[in-house]
*Asks:* 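One structure is given below, represented as structure tokens, and several questions about it will come after.
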There are 2 protein chains.
Amino acid sequence: MPRPSTPLLSSDRIRSAALAIIDRDGLDGLSMRKLAAELGVQAASLYGHVRTKDQLLNDIASSVLSTVDVSGFEVDWREGLIRCARSYRAALSSHPNIVPFLAYGPAGREESLQRLDLLHGALVDAGWSRREATMIAAGLMYIVFGSALSSFSSGFSSDPADYTDRYPHLDRAHLLPGVARELDRDSFELALAAFVRGL
Amino acid sequence: MPRPSTPLLSSDRIRSAALAIIDRDGLDGLSMRKLAAELGVQAASLYGHVRTKDQLLNDIASSVLSTVDVSGFEVDWREGLIRCARSYRAALSSHPNIVPFLAYGPAGREESLQRLDLLHGALVDAGWSRREATMIAAGLMYIVFGSALSSFSSGFSSDPADYTDRYPHLDRAHLLPGVARELDRDSFELALAAFVRGL
DNA sequence: GAGTTAACCTAACACTGTTCGGTTAGTCGG
DNA sequence: CCGACTAACCGAACAGTGTTAGGTTAACTC
């Protein structure tokens, strides 16, 4: 196929198709050839719109994080922290399969820095020292990312025989998968509330 | 080379060589061919001792986590939580490059479950309900894994120009890389203390 | 000493991300 | 209107990945 009359590809179309694949097949399920195939195109054609796969993933990550809202600090810094964390978690858990990518490396994403700047400023305004503000922001991110990884409650088998005898205190762990989502949310809320209250 | 008089390979040698590569070159720096080369062997030979690369990584992860100590709950459950979290973090931060692998999937690792069982039991003994115990354990893991990812303080540039003007509250963020390790530890301790105090 | 097993090898398969050079449709200058 | 040029795609290839099949020979067992 030569140059088509109306372009088949665009950065946006590529990004959203890639995110759909990630959501459906996981992070490892995304390959450039598969992505191209779903767009009705050959793999090489993608590189006219995207520099590298890593860059594509970064762009997707940024767009996922762009929905995070850090407003709400005017009322109360505790409430601001809680809202910010909830918003972060909502963004991440709407596309959980991309979280391992975020976990990989030095981010330095524009969006993250901007939000972090606001968060830091709000904490300093509330009376915390700069160093304390940095550590509190870090702690909040620990809880958010830790809960978003959720290799915790989703990592349980649903076969009771896997636990009985060997792990006496986990004798009902096989019920976890059924309530994993709810339990993850409640665990996050508990951790967040305890953290903020304990500051 | 036919069968050598004394075997060149063993599961242990393979595991420790692989972990050394991961520590040195990162998770992506480990390939079966490279691992084989460092052991003076061809890649295919590894598969006589290791089922798959994924299994190898799981075994390595288990051995890293095997140093975690969950004793210390006799004294006080708060102290027990703190010691457990510190021990976990120590294990993870001694081999930080394998943490992204842990972040990937349903773990269900023998070691983790065993430790989780003890933790859960200790919390129930201390008077928490089973559900609360589960959530508290999850919250603790959030902080441990979140801090071990450390895509936070290690993700900052050391060039002041990257922050000035654009991020007014982060005007000293360029200093972070120099104190990243210490700051990460302090942030972890702060988050842990706040979390436990807030329960 | 024969037969079996264990430990290595070479070669290959089906993938991966990415690049090079080609082909053609659309667009712009004269 | 037509030539030059660019934009958007394709086919083929490269170097790398995890993994398997089948071969070769040393060491062990009876």
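By convention in this document, chain letters (A, B, ...) are assigned in the order of the sequence lines, proteins followed by strands, and residues within each chain are numbered from 1.
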*Asks:* Who are the salt bridge (Lys or Arg N to Asp or Glu O under 4.0 Å) partners of B:Arg89, not counting sequence neighbours?
*Replies:* none
*Asks:* What residues in residues 45-56 of chain B put a non-hydrogen atom under 4.0 Å from any atom of DNA chain C?
*Replies:*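 B:Ser45, B:His49 - these, ordered by number, are the residues of the stretch whose heavy atoms sit under 4.0 Å from the strand.
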*Asks:* Does A:Asp28 have any salt bridge (Lys or Arg N to Asp or Glu O under 4.0 Å) partners at least two apart in sequence or in another chain, and if so, which?
*Replies:* none
*Asks:* C:dT19, C:dA11, C:dT18: which one has an atom nearest the side-chain heavy atoms of A:Ala43?
*Replies:* C:dT18
*Asks:* Could you give all pairs that pass the side chain to side chain donor-acceptor pair (under 3.5 Å) test and reach residues 115-128 of chain B, with sequence neighbours left out?
*Replies:*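 For residues 115-128 of chain B, and leaving out neighbouring residues, the side chain to side chain donor-acceptor pair (under 3.5 Å) pairs sorted by first residue read B:His120-B:Thr134.
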*Asks:* With sequence neighbours excluded, tell me which residues meet side-chain contact (heavy atoms from CB on, under 4.5 Å) with B:Ser93.
*Replies:* none
*Asks:* Quick one, which residues of residues 25-34 of chain A touch DNA chain C with a heavy atom under 4.0 Å?
*Replies:* A:Leu30, A:Ser31, A:Met32, A:Arg33
*Asks:* Give a yes-or-no answer on whether the side chains of B:Ser71 and B:Asp69 include a donor-acceptor pair shorter than 3.5 Å.
*Replies:* yes
*Asks:* Test of understanding: with salt bridge (Lys or Arg N to Asp or Glu O under 4.0 Å), list the residues that count as partners of A:Glu79, not counting sequence neighbours.
*Replies:* A:Arg83
*Asks:* Can you list everything that forms a side-chain contact (heavy atoms from CB on, under 4.5 Å) with A:Ser63? Sequence neighbours excluded, please.
*Replies:*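 By the side-chain contact (heavy atoms from CB on, under 4.5 Å) rule, A:Ser63 matches no residue at all.
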*Asks:* Looking for any heavy atom pair under 4.0 Å, which part of the strands does A:Gln42 touch: base, sugar-phosphate only, or nothing?
*Replies:* sugar-phosphate
*Asks:* List in chain and number order the residues that pass salt bridge (Lys or Arg N to Asp or Glu O under 4.0 Å) with A:Arg130, two or more places apart in sequence or in another chain; answer none if no residue qualifies.
*Replies:*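 Salt bridge (Lys or Arg N to Asp or Glu O under 4.0 Å) check on A:Arg130 returns B:Asp171.
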*Asks:* Whole angstrom is fine here: how far is it from CG in B:Leu57 over to C1' in D:dG18?
*Replies:* 12 Å
